[in-house]
Amino acid sequence: MKVGFIGLGNMGIGMVASLLRAGHEVTVYNRTPSKAQGLVEQGARAAAAVADTCRGDAVVTMLADDSAVEGVVFSEKGVIGSLGKGAIHVSMSTISVALAARLTAAHADAGQRFVAAPVFGRPEAAAAAKLFIVAAGAPDAVDACLPLFEAMGQKTFPIGHQPKAANLVKLSGNFLIASVIEGLGEAMALVGKAGVDRRQYLDLLTSTLFTAPVYKTYGGLIAEQRFEPPGFAASLGHKDIRLTLAAAETLRVPMPFAGVLHDRFLTLLAHGGEALDWSAIGQLAAKDAGQEEP
């Protein structure tokens, strides 16, 4: 496929490399042009403006938050104004349910198609084309994007015809991951203060009842205090929990623990942890217990 890709952060670089390896023709755009250089050397074309990425079958956005997506989609000569009739905008960012609904309506009014396809997986999974992709939108549009999804991920999960459903599922998943991080942090603080080696404790957990990758990945980061450089920044974790709470309020679904997580991220940010990996909230319990200097 001929595809544009907007957003070359920790995830986007690996995703574009996967598309290139699969033989797709990719034009890339990033606010910081230098980030495109390595991908150009692999065969990508560098775009000077957002509009230049909208000349093909689809354009993918992989951006940090609602504001960044709104900026490239609704601005003058943005995606809405530049994408051809019938072409597809694939939003792979973790954005609000409300913005997904707004994008669906705006693209329909412009005669374009919109697919929400947020992903589960850290940068190493993106680089290895091992992402899990949650896709929602009109069936013909989702089917048209499958070659892209197959190039970037190990499995795609169609979740319905309304794009916003994919974003809700993604937010719920990030809420669960953050819950695991907080739970691991509290458990490790408990046994660690009693003198139990945290790495041995993690090995016990992940060799018995807690064999899921989320426990292995985040348990390892917490046990070894590997929070830099961030695979997923704490500020983004805070944003996702905030968006989860907003969706829950709209649907009138109480989520008490999401409120706890919101405050944990806020505590981390208040103490200068914005540039740390979001798993750093798992260290707060140890600090609260007097094990670590703030």
Side-chain angles (χ1 to χ4, degrees), residues 5-7 9-12 15 31 50 59-75 78-80 83 88-110 112-121 131-138 141-142 145 157-179 181 230 232-266 268-269 274 278 281:
F5 199 104
I6 301 171
N10 288 343
M11 297 291 289
M15 294 164 74
R31 281 189 311 177
V50 168
V59 60
V60 177
T61 51
M62 188 62 177
L63 298 161
D65 53 29
D66 282 26
S67 177
V69 174
E70 289 171 338
V72 302
V73 173
F74 295 110
S75 63
V79 173
I80 290 281
L83 197 62
I88 307 169
H89 172 201
V90 187
S91 171
M92 304 191 78
S93 311
T94 303
I95 58 174
S96 69
V97 174
L99 179 56
R102 183 185 172 199
L103 289 168
T104 301
H107 282 293
D109 289 345
Q112 301 155 354
R113 295 181 286 175
F114 177 66
V115 171
V119 303
F120 287 106
L131 296 169
F132 294 104
I133 299 171
V134 183
V142 173
C145 294
F157 297 86
I159 206 76
H161 297 176
Q162 292 295 323
K164 65 182 181 181
N167 294 103
L168 184 63
V169 168
K170 169 60 175 171
L171 290 171
S172 75
N174 278 15
F175 159 73
L176 287 171
I177 295 171
S179 300
I181 293 170
F232 186 70
S235 58
L236 298 179
H238 176 250
K239 177 263 298 184
D240 289 351
I241 297 302
R242 179 171 50 78
L243 296 183
T244 300
L245 285 166
E249 182 170 355
T250 298
L251 292 167
R252 295 185 177 179
V253 177
M255 296 185 71
F257 198 65
V260 172
L261 292 170
H262 178 273
D263 286 351
R264 293 305 258 175
F265 279 111
L266 199 57
L268 181 62
L269 298 178
E274 189 153 343
W278 73 325
I281 66 163

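Between T104 and A100 the shortest heavy-atom distance is OG1-O, 2.8 Å. Heavy atoms only, all atoms of each residue included: C145 and V90 are closest at SG-CG2, 3.6 Å. Considering all non-hydrogen atoms of both residues, L245 and A258 come closest at CD2-CB, 3.6 Å. Scanning both residues, F114 and S91, for their nearest heavy atoms gives CE1-CB, 3.6 Å. In this structure, F265 and I241 approach most closely via the heavy-atom pair CE1-CG1, 3.8 Å. Residues I159 and V169 come closest through the heavy atom pair CG1-CG2, 3.9 Å.
D240 places a side-chain heavy atom less than 4.5 Å from the side chain of F232. The side-chain heavy atoms of L261 and F175, taken from C-beta on, include a pair separated by under 4.5 Å. N174 has its side chain within reach of F120: a pair of non-hydrogen atoms, C-beta onward, lies under 4.5 Å apart. For the pair L243/D66, a side-chain contact is recorded, criterion being any heavy-atom separation below 4.5 Å from C-beta on.
Interatomic distance, L103 CG to Q112 CD, rounded to the nearest 0.5 Å: 11.0 Å. Note that CE of M92 and CG of L63 are 12.0 Å apart. Values are rounded to the nearest 0.5 Å. Expressed to the nearest 0.5 Å, how far CG of L168 lies from CD of Q162 amounts to 12.5 Å. Here NE2 of H238 is found 8.5 Å from CG of D263. Values are rounded to the nearest 0.5 Å. A distance of 6.5 Å separates CD1 in I6 from OG1 in T61, rounded to the nearest 0.5 Å. Atom NE2 of H262 sits about 13.0 Å away from atom NZ of K239, to the nearest 0.5 Å.
With V119 as the fixed residue, the side-chain contact (heavy atoms from CB on, under 4.5 Å) test singles out one of T94, V134, L131: L131.
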Could you check V97 against L251 for side-chain contact (heavy atoms from CB on, under 4.5 Å), going step by step and ending with a plain yes or no?
CA-CA 11 Å; V97 174; L251 292 167; over 6 Å; no
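Counting only distance, with no hydrogens or angles, the side chain of N10 and the backbone of P230 share a donor-acceptor pair below 3.5 Å.
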